[in-house]
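Heads up, the thing below is written out as structure tokens.
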2 protein chains.
Amino acid sequence: MIKTRPFSSMATTTRSPSHAQDHILAERKRREKLSQRFIALSSIVPGLKKMDKASVLGDAIKYVKHLQEKIKQLEEQTKKRTVESVVLVKRYHLPAADDDDDHSNSSSNDDADDDTRRRSLPEIEARASERDVMIRIHCEKQPGVLAKVLSEVESLRLSIVNSSVLPFGNSTLDITIVAQMDGEFSMKVIELVKNLRLAFLKFM
Amino acid sequence: MIKTRPFSSMATTTRSPSHAQDHILAERKRREKLSQRFIALSSIVPGLKKMDKASVLGDAIKYVKHLQEKIKQLEEQTKKRTVESVVLVKRYHLPAADDDDDHSNSSSNDDADDDTRRRSLPEIEARASERDVMIRIHCEKQPGVLAKVLSEVESLRLSIVNSSVLPFGNSTLDITIVAQMDGEFSMKVIELVKNLRLAFLKFM
DNA sequence: CTTAACACGTGACGC
DNA sequence: TGCGTCACGTGTTAA
């Protein structure tokens, strides 16, 4: 265990006198390269307090794990929903082109201040005309959501006339349903939307 | 430069014989820690071919940069995934159903003017996610309007993926179109809506 | 004075 | 044989 002094007790390897300097030079170069890498690594790892090698390595390890976890979350997030706040989003108002019956003002709506607005899903919209009801739902793509929505609609004493579901992007669906209220039963649109929204809260 | 054997030739610092072993022991511990960190780092960096320290550091650096870039892309993607949307005409605001997030005046909007409100047509709405574009048009029922709309959409360098037209009530249509922008061409949603609206002004 | 970290030269091992 | 890499012991320096 204890190192003895092999002054000339070279049982193993002898060093050529000329190449001896090559060795220490090569070793210097190696250390230099390692040092550079350490510096480079520490420069891309944010928030390092200690700059010694062990800490750099340790923090780099933590950082890599953190990044990997974050990527996992982000990739899942793009697949899934970010719900929690299921809202009936208010729609952004664009200055109407022909708002009133007078449809002569044509170029009054050049001010598109906010195109990239954040939208929370699902977005539920309904409108009624006589007995016809149109329901439009923009929601996260989930298996069985159409059936659930349709059954929910039918449970509200609405007979479905037509329905379509369009995939939009790779994570959302746009469902359009036209239904009819039967008999004397009529429902205020706001109530319909509230019920649908409540159903969505149960779904997801 | 050349290492001499300072058995007692202490030009600089003398080492207490007892603490001399402490020194080499501490150094061993330090090296051990570094080795562990290296192993740990190499274990979380995928696809390492060379296992020497310089390569581990170098690949770890590349990997961290790669992860950072990927996160940037994913975060931008999630931002882009929030659909940008433009509605042309004024739309009726549905009060958020009794909930926390929208704490506006809760049920003050129940007045009767919502359902029986006169709506100005056509109503054009578009939203985009990545290359997908969704167009919804609520307009008066007119023969040939679907064909005109579709040809107009195609003339805007959009390839139609799906389209549906639903009769709603007895005098209006609800047209939903999903299209894709081809190639590098991209169009701001507001421009798309403006063009469609302009086309409608010519149609009707 | 202790503690910790570093760079250095050096022997050893593998290709 | 050389070339590259490693771990070791050691001297040195800064907190």
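In what follows, chains carry the letters A, B, and so on, assigned in the order in which the sequence lines appear, proteins first and then strands, with residues in each chain numbered from 1.
If you take NE2 of A/His19 and P of C/dG9, they are 18 Å apart, rounded to a whole angstrom. The distance from atom CG of A/Leu25 to atom C1' of D/dG2 is 15 Å, rounded to the nearest whole Å. Across the protein-nucleic acid pair, B/Phe38 atom CZ and D/dT5 atom P stand 13 Å apart, rounded to whole Å.
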Pairs under 3.5 angstrom, nitrogen or oxygen only, protein versus nucleotides 5-7 of chain C, please.
from	atom 1	to	atom 2	distance (Å)
C/dC6	OP1	A/Lys53	N	2.8
C/dC6	OP2	B/Arg30	NH2	3.3
C/dC6	N4	B/Glu27	OE1	3.0
C/dA7	OP2	A/Lys53	NZ	2.8
C/dA7	N6	B/Glu27	OE2	3.4

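Not one side-chain nitrogen or oxygen of B/Arg28 sits closer than 4.0 Å to the OP1 or OP2 atom of D/dC8.
The salt bridge (charged side-chain N to carboxylate O under 4.0 Å, His left out) contacts involving residues 60-72 of chain B comprise A/Glu75-B/Lys70, where partners must be two or more places apart or lie in separate chains. For residues 44-53 of chain A, no residue pair satisfies the salt bridge (charged side-chain N to carboxylate O under 4.0 Å, His left out) rule, not counting sequence neighbours.
Within the 3.5 Å criterion, the main-chain N or O of B/Met51 finds no donor-acceptor partner in the side chain of B/Ser55.
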Check: residues 35-46 of chain A side-chain donor-acceptor pairs under 3.5 Å, at least two apart:
from	atom 1	to	atom 2	distance (Å)
A/Ser35	OG	A/Arg31	O	3.4
A/Arg37	NH1	B/Ala54	O	2.6
A/Ser42	OG	A/Phe38	O	3.1
A/Ser42	OG	A/Ile39	O	2.8
A/Ser43	OG	A/Ala40	O	2.5

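Here A/Glu27 pairs with A/Arg30 under the side-chain hydrogen bond (donor to acceptor under 3.5 Å, both in side chains) rule; sequence neighbours left out.
Here the shortest heavy-atom pairing between B/Val178 and A/Pro167 reads CG1-O, 4.4 Å.
With contacts defined as side-chain heavy-atom distances shorter than 4.5 Å, the pair B/Val145/B/Phe200 qualifies. For the pair A/Ile137 and A/Val149, the minimum side-chain heavy-atom distance is below 4.5 Å.
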Q. Which string of ( ) [ ] | and . matches DNA chain D, if you list each base 5' to 3' and count Watson-Crick or G-U pairs only when both distances are under 3.5 Å?
A. .||||||||||||||
